[in-house]
Structures are given as structure tokens and as C-alpha cells.
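Working notes for the structure below.
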Amino acid sequence: MPWTPWRPVALVLLALILIPFRLEAQGVVREPVPHSSLISGGPLSLLNGWFHAEYDTKLSETFTVGGRGGWLDLDDTDYTGIGAILRYYHQGAALTGFYIGGRGGLYSVKKGDDSQVTVGLGLDVGYGWLLGPSDAFFIGLGIGGTGLFGLDMEGAKSFIPAIRLLDIGIAF
């Protein structure tokens, strides 16, 4: 059966439904952080020819919503995207600790003289730390991916990785 972007999306939805119940059963709770927003980015990823920046703000002590933008050069194909993120922090201390979330947005894909704009949906998992005397310095790690729908371009991938490799930022 050929791979389609719908298969990972179905797995993501299943994970988003089941994982919080398992994590809640562990009883891990953190002290809520004093900040309501976070700006972060991945400067080390510039060495690989890609970059992203994110803005998160608390909806509650367990959920954040935000936006992200970035670009990725993968197999001589340029992917530029902008979109929204929603993250769930099961410990009750949004902006710090383990999270699982979803992402969606618009992507411009360019390979040679061909270009196309498409929609992407994906999943994110990671861990973030707030450090320093005021818990304002952020360091984060994470991994995920985005499936691109309707991409009809020779040699372009319809699944792109999302890697937060030593992201740094500031909470406020």
C-alpha cells in the first residue's frame, strides 16, 4: 500500500487521545511557571541549512498555543513554512517539561524552477527547561514531523522532519 500523509495523521490523533491518560496515571505534577509566553529558535540548526523560530503562549497550565516559521533544505528541495502549534503539558506547568502537540500550516516547496504551496499537518514531542534565577532562560529538545498534502512535485518529499535540536529562548 503506498504511503500517504493521512497514515501519520491518524497515528498522531490516536497518540493525542491515549498518551495523556497514561501520563496522568503517573501522577507527575510540577509547580506552574510564572511566565505566560516563550520565544525560541534553533540556532545550531543553521549549520545544517535549516532554521525555525516559535512563539508559545499559555492557554492554561496544561496547554499552549502559538506560531512557528522556518525553512529546511532537504535533498535540493527548499521547504519554507509558517503555521500554528498547540501543545499539551501533562505535568500542569505549561512552557516547561514534557509536551506533545500538533502543528499545521502552509508550506512553500521549491525544487529547481518548480514551486508549489501546500498544507501540512504534523506532530511534535519534546522537553523544555526554564533555567536561571527567574526561570526565564529556555533550552528545549524535540522531534516530530509534518505531512504535506497534495504535493505534486517530482523529487519532493511529502513528509518533512521537525527537529528542535538545542533550541534556546526567553520566557516572559
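Here the side chain of His35 pairs a donor or acceptor atom with the backbone of Ser134 at under 3.5 angstrom. Side-chain atoms of Glu54 do not come within 3.5 Å of backbone N or O of Ile39 as any donor-acceptor pair. Side chain of Thr57 to main chain of Ser36: a donor-acceptor pair is present (N/O by atom type, distance under 3.5 Å, no hydrogens or angles). Between the side chain of Thr96 and the backbone N or O of Ala93, no donor-acceptor pair lies under 3.5 Å.
The CG atom of Leu148 sits 7.0 Å away from the OG1 atom of Thr146 when rounded to the nearest 0.5 Å. Note: Lys111 NZ to Met153 CE = 9.0 Å, rounded to the nearest 0.5 Å. How far CG of Asp73 is from CG of Asp78: 5.0 Å, rounded to the nearest 0.5 Å. Here the CZ atom belonging to Phe51 is positioned 6.5 Å from the OG atom belonging to Ser45, to the nearest 0.5 angstrom. A distance of 10.5 Å separates CD in Glu154 from OG1 in Thr77, rounded to the nearest 0.5 Å. For the atom pair CD1 of Ile139 and CZ of Arg164, the computed distance is 12.0 Å after rounding to the nearest 0.5 Å.
Hydrophobic clustering, defined by side-chain heavy atoms of Ile, Leu, Val, Met, Phe, Trp and Tyr closer than 4.5 Å, groups Val119 together with Leu106.
Atom CG of Leu131 has more than 12 neighbouring heavy atoms from other residues, nucleotides or ligands inside a 6.0 Å radius.
Here the closest non-hydrogen pair linking Ala156 and Val109 is CB-CG1, 4.1 Å. Closest of all the heavy-atom pairs between Ala94 and Thr64 is CB-CG2, 3.7 Å. Minimum interatomic distance between Gly104 and Leu121 (heavy atoms only, all atoms of both residues): CA-CD2, 3.9 Å. Here the closest non-hydrogen pair linking Leu95 and Phe138 is O-CE1, 4.0 Å.
In terms of the ring pair (Phe, Tyr, Trp, His ring centres under 6.0 Å) criterion, Phe172 has no residue partners (sequence neighbours excluded). For Tyr89, the ring pair (Phe, Tyr, Trp, His ring centres under 6.0 Å) criterion is met by Tyr99, not counting sequence neighbours.
Taking the six-membered ring where the residue is Trp, the centroids of Trp71 and Tyr79 are separated by 6.0 Å or more.
Using bins of under 30°, 30° to 60° and over 60° for the plane-to-plane angle, the ring pair His90/Phe98 lands in the perpendicular bin.
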Report task. Run the numbers on Thr80 and Tyr107 for side chain to side chain donor-acceptor pair (under 3.5 Å), then give the verdict. Result -> CA-CA 5 Å; Thr80 304; Tyr107 289 81; over 6 Å; no
Report task. May I have the step-by-step check of salt bridge (charged side-chain N to carboxylate O under 4.0 Å, His left out) for Arg103 and Asp124, ending in yes or no? Result -> CA-CA 7 Å; Arg103 62 176 59 231; Asp124 236 351; 2.9 Å; yes
